[in-house]
A.B. asks: 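Questions regarding the structure given below will be posed in turn.
Count residues from 1 along the sequence.
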Amino acid sequence: MNNLTQKGQQLRSTNRPIYGASTITINNTIYIYGGFYNVAPWNKEALWKLSNTIDDLYQIETDPYASPAVIYHTLESIDHQTIYSFGGHLTTHDILTPPAKNATHEFLRYYRFNFDQSKWTSLQKKNGSVANVPLERFWHTTAQFNGTVYLYGGLNITHGGFLDFWKYNPVIDRWIQLNQQEARCGHTSTMTDEGKMIILGGFDCKNASFLSPKEKPLYSFTSATIFDSKTTQWYQQPLTGAIPASRTFHTAIKSNSNSIIICGGQNHAKEPFQNYMSGMQMTAILDLKSWEWQPVLSSVYQPFPSSFSILTLVNNTKMVYGLGLNGHTVYDGFYVFDIQQRTWIPTESSIIDETNILIQQQTHNVSSYIVLATISILGCILGLCIIVCCIWHKYRIFFINHMKSVIWSPRAGEPFWAEISRLLFRFWFFAVFSITSCVLILQVKQSPIIHQTHRENNREMMTPDIRFCFDGWVDQARPVLQCTTDFGRSCDKYLMNITQQVNKELDYYGSQLDCYLFLGGEQMKLGSQRSSNYGTKLYFYYYGQSANQSALHVEFYHPLHDPNIPTYGIDSKGSFDEWYSPDEYAKFVSGEKMNLKTKNVYSLDPAKISQVGYTYKRIERVDPSILNYIGFKSYRDTVHEVETVKKHQVEEIPTNKNNFLGALYVFPTSQDTIVMREQHAFTVVHGIGIIGGILGLLIGLQTNVFGYRPRSPWGIIHRWSIGLMTRSLLDGLKKRFSSGEVYIPIVQPVHRRFLEKDNSTDDQTLHEETEEERTLRLEQRLHVFEYLFQAYYINDEIFRSCCSSSSTRSSCNKSTSAKNIV
């Protein structure tokens, strides 16, 4: 039994990349057979069983000498006790060595596997007189319906694409040739519940040659070729929707939701210039009811672009895709596609049924929350609309008159055209101000992120985490690693052997690695103070026997962000803050798997002395929260990085004393930490400053053109006060100016004879008022005028100072203590 280990977006199998294999699902168990193995051992005859939990891979014990080693074949099952294998290559010699010209054509290789006996049985016909048997082929397809297997397309080394079409009865082991329309290779055949075999993709291989590759004329996905097994007729079915890119060597499977899912494949270009389907072109779904193509959104969890992969259905809700070929890269990972959600999901080691139930429950809960939130929001909006309508119905006359007074307020004696001109300019100014404000808001939203770089000086430097992997010591004793500093202090206690954890994932040259991880971190710091620091440099010495084609792979990590710790489950004193992005984990594992990392990674000659310098970088990235657009204080996420530079490698060690191989010297190139702080180039604070400047210019321009209009001394708190607040403002004015006949300046005229609408005033009424009464009324009027100016319009400090400096100081005190006008 081989346990699959979960690493990021992939499940690793037995570290044995395979392509050209075939798969079949029986009783929710995935069986994988055949294919080309990219690494040793080369047991292509192995039959694998992958459980529906996608966490355990078993090899079924079979007789290796009686098992066919095939590639580009197909698997079918008539019952749950047997598996049939049809066609395919045998060995590398078969593929590259064509038979002689006078050699007889070989009949189809097909085999039967019996689960009870764990044994393969060859069914290939050897008698040359047998004519009604298909010839050997690959890149073909088979489909099964009601116990009958249909074989379509394909070619072999000596023959182009076959124009024949066959059906096979496994009960009596009999082949019958049917009619066919065209030669096709690299396609897919999917059988529906109604007995219709749907042919998708592939290329016209009538004139194709395996040994002389050329561009392939692909079949488009705008139509499907269908064979009806009940009527034995062929016909073309037009397809609509988001037509996927034409491809060959892809995979397809029918789901229980009456749809066909295709995945992977490559384009028409000849090898090795072919391109592989990726992104949104990777996967597509064909609805068999509407015959419409539906796209699948790309995801970080979707497979790498590949051909000759395997695809199968598990538990009727999930699709498992894996293995495959991309150029010279062969994959060994498995991926899971949720058919109901129509998305690639992270591969977990839990049972797929439980995962599906959990996803459905989470989806149901989220949907319920969304419905409740939507109903609540709609209820609040409806209630607010009702309240606004009621307020408008009650105070509509007041609002209309108030808006009229705000918009239309001509000064006394001013002509009509002057007020119209001012009103038009105000509307124009308002439009300019609104457009400018909108532009500034968009500029704040689309503000680019800039970096401010500065350096922080450190008296002492943390040591980086370093991973050493010795490669090439296969039949010899492994090298030994020693750590010390230039102060002579040992640092061996910070070295950890992680060979077992890493060997499951790393594969530099296909051989076993011996890896160590140095975790100095915050405990071990480099500096010039001997009392508190270990030293200024790190010396790593390696001892052992030299080996041919050996190498030392060294990789540096920041001590606060070492992905080896969470990835390999290393329980140590090392530190790891967090993953900086949702896909960083998957990228790290992919880099480990593919060995494509280039940053802070060095392949050193272990027989030489090397030097590597390092410095730290801290990137303070702004998070996407809305508070970072304001400009007062930005909330940032900290990213720690290490930058290294390889100085030089000294030539071979002249002596090999005590089996000394070589050394690595590590030292800080600078005592400064480079800090790159992100911030938005344009924030709300900047926008407010610009808006304020534009508003001041517009108001100043309006004042210069139309003159100054006095403003009210009351502000928002006075105007928008309600209830007791409004009454308290009015009561204050009433108490300040006592009850009785008080003459208010400006609002009331000096005398009744100046009232324009008071026509009842006659001469007798005008002469009834005595001179003393008129003088008292004028005094009261002047006193009110002074009090209002003192309260709302002017600062009386200079008047008080003048009064205090005069001889009438007592009268000043009396006047300031007066509260009412009598």
A.B. asks: Would you confirm whether Arg174, through its side chain, and Lys167, through its main-chain N or O, come within 3.5 Å as a donor-acceptor pair?
C.D. replies: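 Absent.
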A.B. asks: Any side-chain to backbone donor/acceptor pair from Asn27 onto Thr29? Under 3.5 Å, distance only.
C.D. replies: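 Answer holds: no.
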A.B. asks: Yes or no on side-chain contact (heavy atoms from CB on, under 4.5 Å) for Ile26 and Ile83, after CA distance, side-chain angles and deciding distance?
C.D. replies: CA-CA 10 Å; Ile26 302 176; Ile83 295 178; 3.9 Å; yes
A.B. asks: Between Asp173 and Arg112, is the closest basic N to carboxylate O distance under 4.0 Å?
C.D. replies: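 A salt bridge is absent here (no side-chain N lies under 4.0 Å from a carboxylate O).
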A.B. asks: Scan Val320, Thr251, Ile24 and name whichever one has a side-chain contact (heavy atoms from CB on, under 4.5 Å) with Thr312.
C.D. replies: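 Answer to the side-chain contact (heavy atoms from CB on, under 4.5 Å) test with Thr312 among Val320, Thr251, Ile24: Val320.
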A.B. asks: Are Trp234 and Tyr152 close enough that their ring centers fall under 6.0 Å?
C.D. replies: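 That pair passes the under 6.0 Å test.
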A.B. asks: When the aromatic ring centroids of Phe165 and Phe227 are compared, is their separation below 6.0 Å?
C.D. replies: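 Ring centres of Phe227 and Phe165 closer than 6.0 Å.
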A.B. asks: Is a donor from one side chain sitting under 3.5 angstrom from an acceptor on the other, for Glu136 and Gln124?
C.D. replies: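 Distance-only check fails for Glu136 and Gln124.
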A.B. asks: Quick one: does Asn207's side chain get under 4.5 Å of Lys214's, heavy atoms only?
C.D. replies: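 They are in contact (side-chain heavy atoms under 4.5 Å apart), so the answer is yes.
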A.B. asks: Yes or no on side-chain hydrogen bond (donor to acceptor under 3.5 Å, both in side chains) for Thr248 and Gln266, after CA distance, side-chain angles and deciding distance?
C.D. replies: CA-CA 6 Å; Thr248 184; Gln266 64 189 57; over 6 Å; no
A.B. asks: Strictly distance-based, threshold 3.5 Å: is any side-chain N or O of Asn132 a donor or acceptor partner for the main-chain N or O of Trp175?
C.D. replies: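 Confirmed, Asn132 side chain pairs with Trp175 backbone.
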A.B. asks: Are Gln340 and Thr317 close enough that a side-chain donor and a side-chain acceptor fall under 3.5 Å?
C.D. replies: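 No, no side-chain donor-acceptor pair sits under 3.5 Å.
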A.B. asks: Leu108 vs Tyr168, test: side-chain contact (heavy atoms from CB on, under 4.5 Å). Steps then yes/no.
C.D. replies: CA-CA 12 Å; Leu108 180 72; Tyr168 173 69; over 6 Å; no
A.B. asks: Please lay out, stage by stage, how Trp344 and Val336 fare under the test side-chain contact (heavy atoms from CB on, under 4.5 Å).
C.D. replies: CA-CA 6 Å; Trp344 295 97; Val336 177; 5.8 Å; no
A.B. asks: Indicate yes or no for a side-chain donor-acceptor contact from Asn256 to the backbone of Asn316 under 3.5 Å, with no hydrogens or angles considered.
C.D. replies: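 Not a single qualifying donor-acceptor pair exists.
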A.B. asks: Does the side chain of Val70 come within less than 4.5 Å of Ser85's, by heavy atoms?
C.D. replies: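 Answer yes - side chains close enough.
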A.B. asks: Do we see a donor-acceptor contact under 3.5 Å between the side chains of Tyr321 and Ser309?
C.D. replies: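 Indeed, the side chains of Tyr321 and Ser309 share at least one donor-acceptor pair under 3.5 Å.
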A.B. asks: Look up atom CD1 in Ile32 and atom CH2 in Trp48, then write down how far apart they are to the nearest 0.5 Å.
C.D. replies: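 Separation between the atoms: 9.0 Å.
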A.B. asks: Between the side chains of Gln233 and Tyr235, does any donor sit under 3.5 Å from an acceptor?
C.D. replies: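 No, no side-chain donor-acceptor pair sits under 3.5 Å.
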A.B. asks: Determine whether a donor-acceptor pair (N or O, by modelled atom type, separation under 3.5 Å) exists between the side chain of Glu215 and the backbone of His268.
C.D. replies: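 Absent.
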A.B. asks: When the ring centroid of Tyr33 is compared with that of Trp120, is the distance short of 6.0 Å?
C.D. replies: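 Yes, they do, as the ring centres are separated by less than 6.0 Å.
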A.B. asks: Looking only at the side chains, is there a donor atom on one of Gln302 and Thr283 sitting less than 3.5 Å from an acceptor on the other?
C.D. replies: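 Short answer, no.
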A.B. asks: Measuring only between side-chain heavy atoms, which start at C-beta, is Leu239 closer than 4.5 Å to Leu200?
C.D. replies: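 Counting from C-beta outward, Leu239 and Leu200 do come under 4.5 Å.
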A.B. asks: Within a reach of under 6.0 Å around NZ of Lys206, are more than 12 heavy atoms found that belong to other residues, nucleotides or ligands?
C.D. replies: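 Incorrect, the count does not exceed 12.
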A.B. asks: Decide yes or no on side-chain contact (heavy atoms from CB on, under 4.5 Å) for Phe145 and Lys196, but give the supporting numbers first.
C.D. replies: CA-CA 9 Å; Phe145 180 71; Lys196 296 181 179 180; over 6 Å; no
A.B. asks: So do Val296 and Ile261 actually touch side chain to side chain, heavy atoms under 4.5 Å?
C.D. replies: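 Of all side-chain heavy-atom pairs linking Val296 with Ile261, none is under 4.5 Å.
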A.B. asks: Tell me whether Tyr110 contacts the main-chain N or O of Leu123 through its side chain, where contact means a donor paired with an acceptor under 3.5 Å.
C.D. replies: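 Such a contact is found between Tyr110 side chain and Leu123 backbone.
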A.B. asks: Is a donor from one side chain sitting under 3.5 angstrom from an acceptor on the other, for Ser307 and His250?
C.D. replies: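 On atom types as modelled, these side chains do not qualify, holding no pair under 3.5 Å.
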A.B. asks: Would you say the ring centers of Phe203 and Tyr219 fall short of 6.0 Å from each other?
C.D. replies: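 That pair fails the under 6.0 Å test.
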A.B. asks: Rounded to the nearest 0.5 Å, what's the gap from OG1 on Thr190 to CD1 on Ile253? Could you check?
C.D. replies: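 So the OG1 of Thr190 and the CD1 of Ile253 are separated by 8.0 Å.
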A.B. asks: Are Glu182 and Arg184 within salt-bridge range, i.e. N to O under 4.0 Å?
C.D. replies: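 Salt bridge present between Glu182 and Arg184.
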A.B. asks: Taking the side chain from Asn267 and the backbone from Asn275, do they hold a donor-acceptor pair closer than 3.5 Å?
C.D. replies: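 Indeed, once roles are kept as given, a pair shorter than 3.5 Å links the two residues.
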A.B. asks: Whether the side chain of Asp79 engages the backbone of Gln81 through a donor-acceptor N/O pair (distance < 3.5 Å, no angle test) should be reported.
C.D. replies: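 A pair under 3.5 Å: yes.
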A.B. asks: Check whether any side-chain heavy atom of Leu75 lies under 4.5 Å from a side-chain heavy atom of Tyr84, and answer yes or no.
C.D. replies: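 Leu75 does not reach Tyr84 side chain to side chain.
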A.B. asks: Just by distance, do the side chain of Glu271 and the backbone of Gln274 share a donor-acceptor pair under 3.5 Å?
C.D. replies: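 The answer is no, because no donor-acceptor pair under 3.5 Å joins these two groups.
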A.B. asks: Can any side-chain N or O of Ser229 pair as donor or acceptor with the backbone N or O of Gly195 at less than 3.5 Å?
C.D. replies: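 Yes, Ser229 side chain to Gly195 backbone: donor-acceptor pair under 3.5 Å.
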A.B. asks: With ring centroids as reference points, do Phe304 and Tyr331 lie under 6.0 angstrom apart?
C.D. replies: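 Judged by ring-centre distance (under 6.0 Å), Phe304 and Tyr331 do meet the cut-off.
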A.B. asks: So, are Asp204 and Lys216 salt-bridged, with charged N and O less than 4.0 Å apart?
C.D. replies: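 Here Asp204 does not pair with Lys216 in a salt bridge, since their nearest N and O are not under 4.0 Å apart.
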A.B. asks: Once rounded to the nearest 0.5 Å, what's the spacing between atom CG of Asp471 and atom CG of Leu513?
C.D. replies: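 Rounded to the nearest 0.5 Å, the CG-CG separation comes to 5.0 Å.
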A.B. asks: Is it true that the NZ or CZ of Arg109 lies under 6.0 Å from the centre of Phe86's six-membered ring and within 45 degrees of the ring axis?
C.D. replies: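 The answer is no, since Arg109 fails at least one limit relative to Phe86.
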A.B. asks: Looking at Phe337 versus Tyr301, is the centre-to-centre ring distance below 6.0 Å?
C.D. replies: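 No, too far apart.
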